[in-house]
Protein chains: 2
Amino acid sequence: MLKSQERTNGQRRAAAGQGTRERGIDRVVQLLAALHRHGRPVRIGELCALVEAPRSSTYEIVRTLVDAGLLETSPDSSVFFGKTLYFYGMDYLREHDLVSRGRDEVDRLARETGETCQFCMLTRGQYTVVHMRAGVRPFRISSEVGTRIPAPWTASGRLLYSDFGDDEIRALLKPGDLDMPNGQRLGVDEFVASVRQAREEGFCITSGLVDAYTHCLAAPIRDHNHGTVATICFVVPIDTPAQRIAQLRDTLVASGHALSVNPPSSATPARKTARADRADN
Amino acid sequence: MLKSQERTNGQRRAAAGQGTRERGIDRVVQLLAALHRHGRPVRIGELCALVEAPRSSTYEIVRTLVDAGLLETSPDSSVFFGKTLYFYGMDYLREHDLVSRGRDEVDRLARETGETCQFCMLTRGQYTVVHMRAGVRPFRISSEVGTRIPAPWTASGRLLYSDFGDDEIRALLKPGDLDMPNGQRLGVDEFVASVRQAREEGFCITSGLVDAYTHCLAAPIRDHNHGTVATICFVVPIDTPAQRIAQLRDTLVASGHALSVNPPSSATPARKTARADRADN
DNA sequence: TCGTTGTGTCCGATATACTGGACAGCAATC
DNA sequence: GATTGCTGTCCAGTATATCGGACACAACGA
């Protein structure tokens with residue numbers, strides 16, 4: 001099936017680097033992504049530059065999205081995500097109770113231990129922090145929620161990749177992913193080995209990877225097929241005593257296990273509860 | 001300025017009721033709205049019917065959105081909102097701390113009083129429940145978060161409309177908005193009068209409106225211009241004693257006041273704080 | 001006063017995105 | 001094994017969405 005020869009014009013443009021005509025829908029996707037990267041309201045002029053789109057098109061698209069409530073206009077006429085997108089996000093949460101429970105657990109662990117805690121998943125094969133709660137320590141926030149981070153930089157990434165085969169892992173890695181923030185470069189085989197080790201041990205600890213002053217401890221959250229669908233992790237200072245690290249690790253593993261779906265156990269399927277919600281009215 | 005004569009084809013189509021060609025971007029907007037209304041993952045075939053879009057277009061659009069992470073495909077190949085939309089929703093929350101604080105306050109009030117509590121705002125002139133926390137009583141949930149409800153049905157709606165002039169209010173009302181769920185029809189003037197009264201009193205209580213067995217108590221949340229930007233409200237059983245209602249009302253008014261921006265007080269403008277966020281790195 | 005910069009609208013031309021319909025595969029039902 | 005219904009892909013034609021560029025306006029500073 002040779003279906004991937006000429007992708008929807010956008011791909012072609014990206015490959016050629018030329019500024020040709022683009023689909024409105026692609027523009028929308030890029031525009032939203034740009035807003036997310038930027039992280040704050042943007043003037044439309046600036047937005048044109050961010051997405052490299054012509055002004056007339058951008059104005060038109062923004063108007064449409066604002067009308068739909070997907071974007072909102074600030075008093076100074078800059079735009080950002082709107083309430084409608086927030087509602088859609090809540091819909092996502094409602095449908096995925098693993099994420100909801102993960103968020104609650106992260107909040108609880110951060111509160112009870114005082115450490116920075118995160119809930120992580122793969123988004124289209126890429127490691128992302130889904131939820132984070134800062135600890136009591138005034139920490140340098142390494143990353144915002146929802147931004148992609150190369151999996152090799154993190155303990156969670158190793159666990160999340162552990163379901164894939166060696167070749168799949170290699171395919172998932174993007175250029176530069178193995179270049180650590182601290183400057184040194186990780187070998188592919190070395191990374192794959194650490195992924196395998198994480199799988200074996202049922203947890204993962206990295207030290208000084210994303211920055212030199214932190215450990216990263218992570219435990220897997222598994223679905224009914226024993227696949228790693230998410231992780232829960234702590235980010236702690238490098239000088240944390242070994243005993244406390246072991247203790248935190250055990251806490252994480254326990255939480256990860258609690259969040260995991262207990263295997264079907266051959267009993268009644270009853271996989272999804274909450275299904276008869278709207279039955280009342 | 002006669003700029004609203006021929007809207008982007010979608011409008012025209014809607015007016016004509018004819019199934020002509022449609023912009024991809026409009027299809028996206030409609031598709032997302034349909035998913036939200038539906039509230040659960042949908043098979044693509046069903047989705048085509050929901051948005052009345054041709055199958056080929058729908059497949060193409062869904063594929064694009066899935067690739068972008070805005071939608072996700074369930075194992076049974078139905079689609080629903082994806083993690084990316086969730087991230088965008090979190091971005092919205094981060095940028096609007098009023099909403100964040102409102103959510104927290106709603107959770108607190110619901111926990112402390114045991115009553116069902118809501119945080120409401122206008123979305124493009126339409127009343128919407130932004131956040132809700134059910135009380136201890138097993139209540140019939142009147143509405144899902146993020147769905148539009150006619151303002152005249154609610155106490156919050158009256159407060160949220162109280163900044164508008166009489167004509168503006170009439171313009172905002174859509175046909176059927178004045179037809180109460182209990183069957184009786186409210187007069188426009190009657191509604192406007194109740195809006196004015198709500199403004200005067202600084203709170204609003206309706207009884208048996210959205211359904212015959214509840215009171216609705218609401219208090220305004222105001223911005224620095226004294227405009228009502230949101231409301232916080234309780235939904236309580238009709239047989240709640242008057243004394244407790246008064247007490248709950250006072251609680252709400254206090255919460256509403258706490259959530260409101262205290263007026264600029266003629267001192268240094270400093271209208272928007274949190275603007276120098278990214279100054280640190 | 002005059003240039004500069006940024007915002008927002010409008011319009012004609014054309015590259016192309018959207019559509020309808022055909023087609024194939026699969027599963028369940030008759 | 002024929003029928004029905006659903007999923008998913010592919011393709012050519014044409015209605016039209018996108019783009020570039022012009023225009024008006026306001027704010028600002030030299």
Side-chain angles (χ1 to χ4, degrees), chain A residues 1-31 38 41-68 71-80, chain B residues 1-31 38 41-68 71-80:
Chain A
M1 45 176 80
L2 61 159
K3 66 180 177 183
S4 60
Q5 73 281 29
E6 47 164 3
R7 224 65 186 87
T8 76
N9 176 14
Q11 302 276 0
R12 226 186 316 144
R13 198 190 71 97
Q18 261 313 308
T20 6
R21 191 182 263 207
E22 189 101 354
R23 291 202 307 175
I25 172 173
D26 291 328
R27 295 245 110 110
V28 169
V29 169
Q30 294 163 8
L31 191 153
H38 192 262
V42 252
R43 311 309 243 29
I44 297 196
E46 201 179 348
L47 192 54
C48 297
L50 284 177
V51 296
E52 288 179 329
R55 262 155 32 86
S56 49
S57 310
T58 308
Y59 270 99
E60 166 61 22
I61 290 177
V62 165
R63 188 187 312 153
T64 306
L65 295 182
V66 168
D67 285 350
L71 299 183
E72 282 176 16
T73 312
S74 305
D76 65 333
S77 81
S78 52
V79 295
F80 202 58
Chain B
M1 48 175 77
L2 61 159
K3 67 180 177 184
S4 60
Q5 73 279 31
E6 48 164 3
R7 225 62 184 87
T8 75
N9 176 17
Q11 303 274 359
R12 227 187 312 146
R13 199 191 71 95
Q18 261 312 308
T20 8
R21 190 181 263 208
E22 189 101 353
R23 288 204 308 173
I25 173 174
D26 291 328
R27 294 248 111 110
V28 169
V29 168
Q30 294 163 10
L31 190 152
H38 192 262
V42 223
R43 310 309 242 33
I44 298 197
E46 200 179 348
L47 193 53
C48 297
L50 284 177
V51 296
E52 289 179 329
R55 262 153 35 81
S56 48
S57 310
T58 309
Y59 271 100
E60 166 60 23
I61 289 177
V62 166
R63 187 185 314 154
T64 305
L65 296 182
V66 168
D67 285 350
L71 299 182
E72 282 176 16
T73 312
S74 305
D76 66 332
S77 80
S78 52
V79 294
F80 201 57

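Here is how names work: the chains are called A, B, and so on, in the same order as the sequence lines, proteins then strands, and each is numbered from 1.
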Next item on the list: Flag the pair B:Leu31 / B:Leu71 as yes when at least one side-chain heavy-atom distance between them is below 4.5 Å, and no otherwise.
Entry: yes
Note to self: Closer than 4.0 angstrom, basic N to acidic O: yes or no for B:Arg63 and B:Glu60?
What the structure shows: yes
Item checked: Proximal nucleotide (of D:dG8, D:dC19, C:dA17) relative to the A:Arg23 side chain -> C:dA17
Checklist line | A:Glu52 CD - D:dC19 P separation (whole Å) | finding: 13 Å
Next item on the list: Nearest whole angstrom, please: distance from the C1' of C:dT7 to the CZ of A:Arg63.
Entry: 13 Å
Checklist line | Length of the line joining B:Arg43:CZ and C:dA27:P, which is rounded to integer Å | finding: 13 Å
Checklist line | Between P of D:dT7 and CZ of B:Arg55, the distance in whole Å | finding: 8 Å
Checklist line | N or O in side chain of B:Arg21 less than 4.0 angstrom from C:dG20 OP1/OP2 | finding: no
Check: What is the distance from CD1 of A:Ile61 to P of D:dA17, rounded to the nearest Å?
Finding: 12 Å
Check: Does a donor on one side chain sit under 3.5 Å from an acceptor on the other, for B:Thr64 and A:Arg23?
Finding: yes
Check: Hey, mind stepping through A:Glu52 and A:Gln30 against side-chain contact (heavy atoms from CB on, under 4.5 Å) and telling me if it holds?
Finding: CA-CA 10 Å; A:Glu52 288 179 329; A:Gln30 294 163 8; over 6 Å; no
Notebook entry, point to check: Atom CG of B:Asp76 and atom P of C:dA27: how far apart are they, to the nearest Å?
Noted result: 15 Å
Next item on the list: Go through D:dT9, D:dT18, C:dG20 for me and flag the one nearest to the B:Pro54 side chain.
Entry: C:dG20
Item checked: Earlier contact from the 5' end, DNA chain D, for A:Ile25 and B:Gly45 -> B:Gly45
Check: Side-chain contact, heavy-atom cut-off 4.5 Å: B:Leu50 with B:His38?
Finding: yes
Note to self: If you assign each of A:Tyr59 and A:Gly24 to its closest nucleotide in DNA chain C, which residue comes earlier from the 5' end?
What the structure shows: A:Tyr59
Next item on the list: Take atom CD1 of A:Ile44 and atom C1' of C:dT9, then tell me their distance rounded to the nearest Å.
Entry: 12 Å
Next item on the list: Rounded to the nearest angstrom, tell me the gap between atom CD in A:Glu60 and atom C1' in C:dA17.
Entry: 16 Å
Margin query: From the set D:dG8, C:dG21, D:dG21, return the single nucleotide nearest to any side-chain atom of B:Ser56.
Written below: C:dG21
